[in-house]
Amino acid sequence: QLQLVESGGGLVQPGGSLTLSCTASGPLPLKYVAIGWFRQAPGKEREGVSCISPSGSKTNYPDSVQGRFTISRDNAKSTAYLQMNSLRPEDTAVYYCAAIQNLESDYGPWVCKDDMAYWGKGTLVTVSS
């Protein structure tokens with residue numbers, strides 16, 4: 001019911017910035033889904049790096065990216081974003097966009113988990129000098 005495509009990955013130097021985009025298509029209106037960004041580094045488990053409520057009014061981040069990453073969304077454009085600042089080599093990973101049906105009133109940090117219903121194929125971010 002929802003297809004997600006990530007874009008914007010690439011090579012960036014430590015301390016640099018990058019913005020990822022997640023474009024959604026399909027019959028499920030984006031205003032009825034929560035969206036999360038996840039990442040998976042080589043040899044490591046996938047981890048969540050941000051979550052945003054259907055309206056975009058609520059967001060959540062783990063300590064590892066708090067203050068450096070910002071998730072946002074534009075439901076009219078069917079697109080979500082992940083602005084990443086002060087990037088570190090340990091941020092190197094494949095970044096995935098994921099979504100799950102959710103009502104704004106039901107949203108909480110528990111919503112974005114590894115069992116999200118819809119996933120993109122990922123975009124590679126490499127932080128290296």
Which residue pairs pass the salt bridge (charged side-chain N to carboxylate O under 4.0 Å, His left out) test with at least one member in residues 57-69, sequence neighbours excluded? Lys58-Glu104, Arg68-Asp91
Check: Arg73 side chain, Ser53 main-chain N or O, donor-acceptor pair, under 3.5 Å: yes
Might you point out which heavy atoms bring Trp37 and Cys22 nearest each other, and give the distance in Å? CZ2-CB, 3.6 Å
Are any non-hydrogen side-chain atoms of Asn102 and Val33 less than 4.5 angstrom apart? no
Just how far is it from atom OH of Tyr81 to atom OG1 of Thr70, taken to the nearest 0.5 Å? 14.0 Å
Can you give me the closest heavy-atom contact between Pro54 and Leu103, atom names plus distance? CG-C, 4.1 Å
Counting only heavy atoms not in Tyr118, do more than 12 fall under 6.0 Å of its OH? yes
Rounded to the nearest 0.5 Å, how far apart are CG of Leu82 and CD1 of Ile35? 11.5 Å
Kindly give the heavy-atom pair with the smallest separation between Arg39 and Ala93, and that separation in Å. CB-CB, 3.8 Å
Roughly how far, to the nearest 0.5 Å, is the NZ atom of Lys77 from the CG atom of Leu30? 13.5 Å
Shared hydrophobic cluster, Phe38 / Leu124 (ILVMFWY, side-chain heavy atoms < 4.5 Å): yes
Taking only distance into account, with no hydrogens and no angle test, what donor-acceptor pairs under 3.5 Å do side-chain atoms of residues 6-20 form with protein atoms, sequence neighbours excluded?
unit_1	atom_1	unit_2	atom_2	d
Glu6	OE1	Lys121	N	3.1
Glu6	OE1	Gly122	N	2.9
Glu6	OE2	Cys97	N	2.8
Glu6	OE2	Gly122	N	3.2
Ser17	OG	Asn85	OD1	2.9
Thr19	OG1	Gln83	OE1	2.4

For residues 107-115, run the donor-acceptor check on the side chains, cut-off 3.5 Å, and write out each pair with its distance to 0.1 Å, sequence neighbours left out.
unit_1	atom_1	unit_2	atom_2	d
Tyr107	OH	Cys51	O	3.2
Tyr107	OH	Asn60	OD1	2.7
Asp114	OD1	Arg46	NE	2.9
Asp114	OD1	Arg46	NH2	3.3

Nearest 0.5 Å, please: how far is OG in Ser128 from CG in Leu87? 12.0 Å
Going from CD1 on Ile100 to CG on Leu28, what distance comes out if it is rounded to the nearest 0.5 angstrom? 11.0 Å
Give the cluster check for Ile52 versus Leu4: same hydrophobic cluster or not, with ILVMFWY residues linked at side-chain heavy-atom distances below 4.5 Å. yes
May I ask you to test the Tyr61-Ile71 pair for a side-chain heavy-atom distance under 4.5 Å? yes
Look only at the side chain of Ser57 and the backbone of Ser55, and say whether a donor-acceptor pair between them is shorter than 3.5 Å. no
Are Val94 and Val49 in one and the same hydrophobic cluster, where Ile, Leu, Val, Met, Phe, Trp and Tyr link if side-chain heavy atoms are under 4.5 Å apart? no
What's the verdict on side-chain contact (heavy atoms from CB on, under 4.5 Å) for Glu47 and Ser64, showing C-alpha distance, side-chain angles and the deciding distance? CA-CA 10 Å; Glu47 64 169 335; Ser64 58; 4.3 Å; yes
For Pro27 and Pro29, the nearest pair of non-hydrogen atoms, with its separation, is O-CD, 3.2 Å
CD on Gln3 to OG on Ser78, rounded to 0.5 Å: 11.5 Å
With a 3.5 Å distance limit and no angle check, can you tell me whether Thr126 reaches the backbone of Thr92 through a side-chain donor-acceptor pair? no
